[in-house]
Structure formats: structure tokens, C-alpha cells
S.K.: 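Quick one: this structure, given as C-alpha cells, is what I'll be asking you about.
This is a predicted model, so every value here is computed, not measured. Residues take their numbers from the sequence shown, with the count starting at 1.
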Amino acid sequence: MDATSPAQTRAMAAESAVVRRYVHRYGPLAWAHAATPGAPGARTWHYWWHAHLLHVLRDAEEHRPDPRRARLLRALHRGITVRTLGRWTTPFHDDVAWMTLALQRYDVHDRRIDRLTRRLHDAIDPAAGALPWAIDSSLYNAPANGPAAIALAWSAHRGAAVDLDAWVAATLDDPATGLVRDGVEHGVVRSELWTYNQGVAIGSALALAEGAPDADARDAHEARAAAIVRAVARWCAADDGLFPAAGGGDGGLFAGILARYLAEAAVWFRAHAADDDHLEVAATAAGLVRRNADALWEGRADGLFPADPRRPARATGDDLDLSVQLGAWITLEAAVDLEGAVTS
């Protein structure tokens, strides 16, 4: 992979800005502040934002290996250990799933992964057939069950991943649009549509397609991933392929998560190009990632990316949030994944 390509240059700039603005060293420890100094809640520590910081740093390490980044990752690991009192967990199952995925990104033999996947597996409510959003929660949603399905697909609990993926499809897929709705609480479906829920549904389908027990199962999982890619393309078509914005706070990460799994779909369907339909899905997914990466880069100002790719960045409000800058960086690293793997 060419470390001097335009996509790599963009991702490198995003990484440098995030590390410089938000990541702080405390001796052998490191963690990130939630916003730039002076912004409300600037020093807040967010568990699931740190999961995505670890994940995208590992993406960057794969794309542009650097011993300095490897040292920073070790310091962040130590920092998270201290901030979570060694448990690496929260009461929120979606957050635990995101952290598990970050650790699985490369640390395939890390004992924490076994502990976290077991926690997710044991938290599944057999009566509902799904994972609640948090301990004692009555909400069963895509943000918990999607990433948990991906994490469990790469664990000893693959059967549970199949069940969670099927639950999302049966319960939350919107028959009118093909998109994944947010969740169900007390039997009532919450119909909000968020970008990251589409991303994790694509991701879980592809995780299950890989290592499927037979061709029929693989084809079924591929078909689900392809259907959601096409649904996302229809959803974004009226806005020239741009993802719906979700503001700052947690919403700042949503579009980047979708970009990550669209890039995965683009690479998968190109590599498993059984027919023209597969190539069309690969091109559609890649086009969405590149369109949004380009818009974010064009909106960049003073090292900041905009929370909404339809406008330039500004040094106030949502654009100061770590989540927004991480989301943009994730999108730019996703564009790097497409280099050499997918042609438009």
C-alpha cells in the first residue's frame, strides 16, 4: 500500500490533528479528552469513543506502520485499564461490543477479548432473543446487537452471532426502505434511522459470510449485506451520496462507522466477485465512501473536519468534539482500504 497516496495523505492529516488536539500523555498512560480546551465538557472521558480511537489507530497502523503509534497504543491500553479499574467494561452492552471490536482488530489472542465476548454472550436475553442496550434495560436495539453480532462472529460464540443478526433482520429491518431501524422497547419499534445501524448490519452479515458453514449460508449473508448497501445508496441518493449528519456528541461517530463497513463491503464483494451484481455492490459501496471522504476533506478548515459534510468546518460547537474528528478520520482510513482493492 502506497503510504504517499492522496488517500493516505488525508488519513495521516486527520490522525495527526486528532492526536495533537485530543490525546494526552500522563507518564506511561494516555487517554483522550472529549473536546478541545475551553469547550463544554472538554475533559470528559468517554469509554466508547476510546474504543473507536483504539480501532482507528489500529487501522492507521496497518496502513502506515510507525513505532511511535505502537507506543501510543500501548499507553492508551494502559490508560483505559486505569480508567476502567482493570475491567474494560461498562453497564452498556453496545459500548462493550465496540471495545471488543477494537481489541479484535489485531489482538486476536488478548484474554480480555474472551472475557468481553463471554460477557456479551451471557447478557443475551433468551426471552427476547436479543441483547439489551444495557444492564436492566428494556431497550433492544441495533447499536447493541449489531456490533455484538460482529464481535461474537469472531469468537467461540458464533451461533449467538447468527441469532442476533437474524433478530435484527426480523425485528428492525424496515420493509419499506430496506434500512435498519433503531430498536424495540416494550414491543414498540423505534423507527429512527441512523447511519451506524446500517454499518453494523453490513458488518455482521459479512462477518457471518466469512466462515459460513456452506455456500447457501454464505450466499444468504452476502445477500443481506448487498441489500443494505443498496438501501443506503437509495437513502443518500437525494443528497448526492452524502450520509445524513447526526451532529456532535455520540452522533459524531455514526457516519464514520457506516463508512468503515461500506469499505469492508466494497473490498469483500470485489474479492468475491461471483457475478456483475457483486461488482455493482462493490462499486456502490466504494463510491459512497469516496464521496463522503472527499466532502469531509473539502470542508476541512484549520485542521478540523465538519460534523456535517455539506458545510465547511468551524471552530465552534459540534466540530470541536473528539467524536466528530474521529468519525472523519475513520472515513478517511476507510477510503485508504479501497486503494488497490476496488476500482470505481
S.K.: Out of curiosity, L116 CG to M99 CE, how far, rounded to the nearest 0.5 Å?
M.R.: 8.5 Å

S.K.: List the steps, then state whether salt bridge (Lys or Arg N to Asp or Glu O under 4.0 Å) holds for D308 with R314.
M.R.: CA-CA 11 Å; D308 187 337; R314 51 201 180 208; over 6 Å; no

S.K.: At what distance, to the nearest 0.5 angstrom, does CG of L288 lie from CG of L242?
M.R.: 9.5 Å

S.K.: Does atom CG (D302) have a neighbourhood of more than 12 heavy atoms from anything else shown, all under 6.0 Å?
M.R.: no

S.K.: Which heavy atom of A97 sits nearest to which heavy atom of A148, and what is that distance?
M.R.: CB-N, 3.6 Å

S.K.: Determine, for E210 against R218, whether the closest basic-nitrogen to carboxylate-oxygen distance falls under 4.0 angstrom.
M.R.: no

S.K.: Between L332 and A14, what is the shortest heavy-atom contact and its length?
M.R.: CD1-CB, 3.8 Å

S.K.: Is the side chain of Q8 donor-acceptor paired with the backbone N or O of V336 at a distance under 3.5 Å, no angle test?
M.R.: no

S.K.: What distance do E333 atom CD and L338 atom CG have between them, rounded to the nearest 0.5 Å?
M.R.: 11.5 Å

S.K.: Using atom types as modelled and distance alone, determine if a side-chain donor or acceptor of H50 lies under 3.5 Å from a backbone N or O of H46.
M.R.: yes

S.K.: Counting neighbours of CH2 on W297 that are heavy atoms of other residues, nucleotides or ligands and sit closer than 6.0 Å, is the number greater than 12?
M.R.: yes

S.K.: Return yes if some donor-acceptor pair links the side-chain N/O of D321 with the main-chain N/O of S323 below 3.5 Å, else return no.
M.R.: no

S.K.: Say whether, by atom type as modelled, one donor and one acceptor occur between the side chain of Q325 and the main chain of L304 under 3.5 angstrom.
M.R.: no

S.K.: Checking the side chain of N145 only, and the main-chain atoms of W167 only, is there a donor and an acceptor separated by less than 3.5 Å?
M.R.: no

S.K.: Tell me whether S204 contacts the main-chain N or O of A201 through its side chain, where contact means a donor paired with an acceptor under 3.5 Å.
M.R.: yes

S.K.: If you apply the rule salt bridge (Lys or Arg N to Asp or Glu O under 4.0 Å), what do you find for E15 with R69, and how did you get there?
M.R.: CA-CA 10 Å; E15 176 183 10; R69 188 187 301 108; 2.6 Å; yes

S.K.: Are side-chain N/O atoms of N292 and T331 paired as donor and acceptor at under 3.5 Å?
M.R.: no

S.K.: Please check if the number of heavy atoms outside R43 that lie under 6.0 Å from its CZ is greater than 12.
M.R.: no

S.K.: Test of understanding: clusters of I, L, V, M, F, W, Y form through side-chain heavy atoms closer than 4.5 Å, transitively. Do Y22 and L53 belong to the same one?
M.R.: yes

S.K.: Could you tell me whether D59 and R64 have a side-chain N and a carboxylate O separated by less than 4.0 Å?
M.R.: no

S.K.: Between the main-chain N or O of D182 and the side-chain N or O of N141, is there a donor-acceptor pair closer than 3.5 Å?
M.R.: no

S.K.: Yes or no on side-chain contact (heavy atoms from CB on, under 4.5 Å) for V289 and L258, after CA distance, side-chain angles and deciding distance?
M.R.: CA-CA 9 Å; V289 173; L258 173 57; over 6 Å; no

S.K.: Under the side-chain contact (heavy atoms from CB on, under 4.5 Å) rule, what do R158 and L208 come out as? Steps first, then yes or no, please.
M.R.: CA-CA 8 Å; R158 184 178 174 88; L208 292 170; 4.1 Å; yes

S.K.: Check side chain to side chain donor-acceptor pair (under 3.5 Å) between H272 and all other residues, then give those that pass, not counting sequence neighbours.
M.R.: none

S.K.: So do V56 and R260 actually touch side chain to side chain, heavy atoms under 4.5 Å?
M.R.: yes

S.K.: Are the side chains of T81 and R112 in touch, meaning some heavy atoms are under 4.5 Å apart?
M.R.: yes

S.K.: Are L320 and V19 connected in a single hydrophobic cluster, I mean Ile/Leu/Val/Met/Phe/Trp/Tyr linked by side-chain heavy atoms less than 4.5 Å apart?
M.R.: yes

S.K.: Please determine whether a side-chain nitrogen of the Lys or Arg among R181 and E192 lies less than 4.0 Å from a carboxylate oxygen of the Asp or Glu.
M.R.: no

S.K.: Is there a continuous path of hydrophobic side-chain contacts, each under 4.5 Å between heavy atoms, that joins Y196 to F92?
M.R.: no

S.K.: Hey, could you give me the CG/CG distance between L262 and D337, rounded to the nearest 0.5 Å?
M.R.: 12.0 Å

S.K.: Quick one: do L131 and L139 end up in the same hydrophobic cluster if we chain Ile, Leu, Val, Met, Phe, Trp and Tyr together by side-chain heavy atoms under 4.5 Å apart?
M.R.: no

S.K.: What distance do R310 atom CZ and D240 atom CG have between them, rounded to the nearest 0.5 Å?
M.R.: 10.0 Å

S.K.: So do the side chains of L101 and Q104 get within less than 4.5 Å of each other, counting heavy atoms only?
M.R.: yes

S.K.: Starting at CG of N197, measure out to CG of L172 and round the result to the nearest 0.5 Å.
M.R.: 8.0 Å

S.K.: Between Y140 and W133, does a ring pair (Phe, Tyr, Trp, His ring centres under 6.0 Å) hold up when you go through it step by step?
M.R.: CA-CA 6 Å; Y140 299 82; W133 172 54; over 10 Å; no

S.K.: Any side-chain heavy atom of R10 within less than 4.5 Å of one from D294?
M.R.: yes

S.K.: When you measure from the side chain of T171 to the backbone N and O of V168, does any donor-acceptor pair fall under 3.5 Å?
M.R.: no

S.K.: Please report, to 0.1 Å, the donor-acceptor pairs under 3.5 Å made by any side chain of residues 243-257, with sequence neighbours excluded.
M.R.:
unit_1: D250; atom_1: OD1; unit_2: W48; atom_2: NE1; d: 2.8
unit_1: D250; atom_1: OD1; unit_2: W49; atom_2: NE1; d: 2.8

S.K.: With side chains defined as the heavy atoms from C-beta onward, is the minimum distance between R234 and T177 less than 4.5 Å?
M.R.: no

S.K.: If every non-hydrogen atom of A266 is compared with every non-hydrogen atom of A286, which pair is closest and at what distance?
M.R.: CB-N, 3.8 Å

S.K.: H77 and W88: ring pair (Phe, Tyr, Trp, His ring centres under 6.0 Å), yes or no, with the steps?
M.R.: CA-CA 10 Å; H77 277 240; W88 281 69; 5.6 Å; yes

S.K.: Where do R115 and R87 land on the side-chain contact (heavy atoms from CB on, under 4.5 Å) test, with the steps shown first?
M.R.: CA-CA 10 Å; R115 188 168 69 249; R87 292 192 292 266; over 6 Å; no

S.K.: Using a cut-off of 6.0 Å, state whether more than 12 heavy atoms not belonging to D214 lie near its atom CG.
M.R.: yes

S.K.: Would I150 and Y261 satisfy side-chain contact (heavy atoms from CB on, under 4.5 Å), going step by step from the backbone distance to the final call?
M.R.: CA-CA 11 Å; I150 302 171; Y261 291 107; 3.7 Å; yes

S.K.: Shared ILVMFWY cluster between L206 and V180, side chains joined below 4.5 angstrom?
M.R.: yes

S.K.: Kindly indicate whether the side chain of L296, heavy atoms from C-beta on, has any atom under 4.5 Å from the side chain of P306.
M.R.: yes

S.K.: Output a table of donor-acceptor pairs, distance under 3.5 Å, between side-chain atoms of residues 220-228 and any protein atom two or more places apart or on a different chain; print 'none' if there are none.
M.R.:
unit_1: E222; atom_1: OE1; unit_2: H278; atom_2: NE2; d: 3.0
unit_1: E222; atom_1: OE2; unit_2: W268; atom_2: NE1; d: 3.0
unit_1: R224; atom_1: NH1; unit_2: D173; atom_2: OD1; d: 3.3
unit_1: R224; atom_1: NH1; unit_2: D173; atom_2: OD2; d: 2.4
unit_1: R224; atom_1: NH2; unit_2: D173; atom_2: OD1; d: 3.3

S.K.: With side chains defined as the heavy atoms from C-beta onward, is the minimum distance between V82 and Y26 less than 4.5 Å?
M.R.: no

S.K.: Less than 4.5 Å apart, side chain to side chain, heavy atoms only: is that true for L193 and W235?
M.R.: yes

S.K.: May I have the step-by-step check of side chain to side chain donor-acceptor pair (under 3.5 Å) for T284 and E280, ending in yes or no?
M.R.: CA-CA 6 Å; T284 298; E280 176 266 325; 3.1 Å; yes

S.K.: So, W98 versus Y47, ring centres under 6.0 angstrom or not?
M.R.: no

S.K.: With no hydrogens and no angle check, is any side-chain donor or acceptor of T9 less than 3.5 Å from a backbone partner on S5?
M.R.: yes

S.K.: Return the minimal non-hydrogen interatomic distance between S137 and P132, and the atom names on each side.
M.R.: O-CB, 3.7 Å

S.K.: Establish, yes or no, whether a centroid distance under 6.0 Å links the rings of H33 and W45.
M.R.: no

